[in-house]
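Everything numeric here is computed off the predicted structure, so don't read it as measured data.
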Amino acid sequence: MHIPHDPKAMAKSLRQALAERRVEISHGDSLECVARQFGWRDWNTLAAQLDRPVLRLPEDWTVAGTRSDDYEMGLDPAEGCALIRHRVALADPSLGPASTGFGALMQNFRADGFRDKRLELSAHLRARDVTGAGSLWMRIDGDKGRMLAFDNMDGRTREGPLVGTVGWQERSIVMDVPPEAQSIHFGFFLRGGGSLWARRLRFAEVGASVAVTDHAVPRRAAPTNLDFAAGASSRGQSGRRSPGLATCSQTTRTKMRSRRRRSDPSAQSGSTRSAEPEGAAPKEPPLFHIERTRLSAP
């Protein structure tokens with residue numbers, strides 16, 4: 001989706017070209033055709049866009065994102081801070097939903113002066129009609145662009161990305177900069193529709209009492225919950241096990257035990273096979289099995 005340099009002149013040329021082919025359309029219809037040609041929903045939407053002040057990119061900042069063309073990014077003169085606003089919502093619905101990509105403003109710098117330090121990135125964010133997420137992000141790369149740490153606040157249960165319409169909120173990311181770090185990348189992004197403002201971005205070295213927030217390196221030492229008996233699907237906010245899973249498991253075991261007894265001749269009356277104690281759970285193979293192996297370095 002683009003904004004034509006002179007849409008009215010294009011509409012006039014289109015109308016003349018069609019008239020030469022004995023196709024008559026009104027000036028208004030010609031304007032509508034030009035608007036749709038450039039991806040806008042209608043002429044009124046495009047005309048309103050032409051009157052909006054152009055956002056100018058701040059010095060030393062660059063545009064990024066999987067669908068950066070769907071966003072306007074730069075300095076908001078009314079707010080005196082940076083802004084990312086989505087514009088596909090104003091366009092033809094056939095272009096797809098607003099949640100199919102994101103736009104970001106970013107910077108990067110060398111990690112030389114920050115190695116072996118705990119670094120905090122903080123900023124104030126404000127959101128309006130955000131349908132996906134508005135957030136800070138930070139990444140630390142090593143040699144040849146290998147990612148060492150990353151955090152975009154996704155998955156947080158508190159102080160996470162902004163959604164909907166929210167006033168100014170402070171957010172922060174904390175990372176340990178490894179000794180092999182080469183570069184640090186950071187910024188803020190908008191996923192989906194709406195508008196996101198950012199101001200007062202700040203870097204600071206913090207002590208060990210401030211917990212890191214990145215999730216590039218797993219925190220647990222071994223796999224857990226392989227039978228799915230615990231976690232969000234089986235534990236409520238109180239942390240108690242869901243009775244539904246226990247009932248389902250007991251019912252399944254009873255049915256399997258009955259089938260084995262019917263199909264096993266030794267389980268019939270008069271068999272010499274020892275019977276299981278009444279109420280004992282059958283011996284079943286585990287759902288998952290983990291084999292410990294020695295991993296060699298690549």
Next on the checklist: So that I can tick it off, tell me whether Asp76 and Arg199 are bridged by a salt bridge, with the cut-off set at under 4.0 angstrom between side-chain N and carboxylate O.
Outcome noted: no
Item to check | Name of the residue among Arg139, Arg171, Arg156 meeting salt bridge (Lys or Arg N to Asp or Glu O under 4.0 Å) with Asp151 | outcome: Arg156
Checklist entry - Looking at Ser135 and Leu196, what are the two nearest heavy atoms and their distance? => result N-CD2, 3.7 Å
Item to check | Atom pair CG (Asp42) and CZ (Arg36), whose distance is rounded to the nearest 0.5 Å | outcome: 8.5 Å
Next on the checklist: Quick check against the 3.5 Å criterion: does Ser13 have a side-chain atom that pairs as donor or acceptor with the backbone of Ala9?
Outcome noted: yes
Next on the checklist: Let me confirm one number: the CH2-CG distance from Trp61 to Asn108, rounded to the nearest 0.5 Å.
Outcome noted: 10.5 Å
Item to check | Heavy-atom closest pair, residues Cys81 and Ala198 | outcome: CB-O, 3.2 Å
Checklist entry - Nearest heavy-atom pair of Asp154 and Pro161: which atoms, and what distance? => result OD1-CG, 3.7 Å
For residues 123-130, which side-chain N or O atoms pair as donor and acceptor with protein atoms under 3.5 Å away, sequence neighbours left out?
from   : atom 1 : to     : atom 2 : distance (Å)
Arg126 : NH2    : Glu79  : OE2    : 2.9
Asp129 : OD1    : Thr165 : OG1    : 3.3

Checklist entry - Are Val163 and Phe102 linked, directly or through other ILVMFWY residues, by side chains that come within less than 4.5 angstrom of each other? => result no
Item to check | Nonpolar side-chain network containing Trp197, other nodes, edges under 4.5 Å | outcome: Leu55, Leu83, Trp168
Checklist entry - Do you know which two heavy atoms are closest between Ala211 and Arg118, and how far apart they sit? => result CA-NH1, 4.2 Å
Next on the checklist: Counting only heavy atoms not in Arg56 (residues, nucleotides, ligands), do more than 12 fall under 6.0 Å from its CZ?
Outcome noted: no
Going by atom type alone, with no hydrogens or angles, which donor-acceptor pairs under 3.5 Å involve a side-chain atom of residues 177-190 and a protein atom two or more places apart or on another chain?
from   : atom 1 : to     : atom 2 : distance (Å)
Ser183 : OG     : His185 : NE2    : 2.9
His185 : NE2    : Asp141 : OD2    : 3.3

Item to check | Single-linkage hydrophobic cluster, 4.5 Å side-chain cutoff, Leu75 and Leu105 together | outcome: no
Next on the checklist: Could you walk me through whether Gln107 and Leu201 satisfy the side chain to side chain contact (heavy atoms under 4.5 Å, CB included) test, starting with their C-alpha distance in whole Å, then the side-chain angles of each, then the deciding distance to 0.1 Å, before giving a yes or no?
Outcome noted: CA-CA 12 Å; Gln107 245 188 77; Leu201 275 77; over 6 Å; no
Next on the checklist: If you define the side chain from C-beta out and look only at heavy atoms, does anything of Glu120 sit under 4.5 Å from Val174?
Outcome noted: yes
Item to check | Donor-acceptor under 3.5 Å (Thr131 side chain, Gly193 main chain) | outcome: yes
Next on the checklist: With a 4.5 Å cut-off on side-chain heavy atoms, are Ile84 and Met73 touching?
Outcome noted: yes
Next on the checklist: Looking at every non-hydrogen atom in both residues, tell me the closest pair between Gly101 and Tyr71 and how far apart they are.
Outcome noted: O-OH, 3.2 Å
Checklist entry - For Arg85 and Ser195, which heavy atoms make the closest approach, and how far apart are they? => result CB-OG, 3.4 Å
Item to check | Atom pair CD/NE2 of Glu32 and His27 - distance to nearest 0.5 Å | outcome: 10.5 Å
Checklist entry - What distance separates Ile140 CD1 from Arg115 CZ, expressed to the nearest 0.5 Å? => result 11.0 Å
Item to check | Atom pair CG (Leu14) and CD1 (Ile25), whose distance is rounded to the nearest 0.5 Å | outcome: 5.0 Å
Next on the checklist: Closer than 3.5 angstrom, by distance alone: can the side chain of Ser30 be matched with the main-chain N or O of Ala11 as a donor-acceptor pair?
Outcome noted: yes
Next on the checklist: Within the 4.5 Å heavy-atom criterion, are Phe203 and Phe109 side-chain neighbours or not?
Outcome noted: yes
Item to check | Intermediate values then yes/no, side chain to side chain contact (heavy atoms under 4.5 Å, CB included), Leu119 and Met175 | outcome: CA-CA 5 Å; Leu119 199 59; Met175 289 185 176; 5.6 Å; no
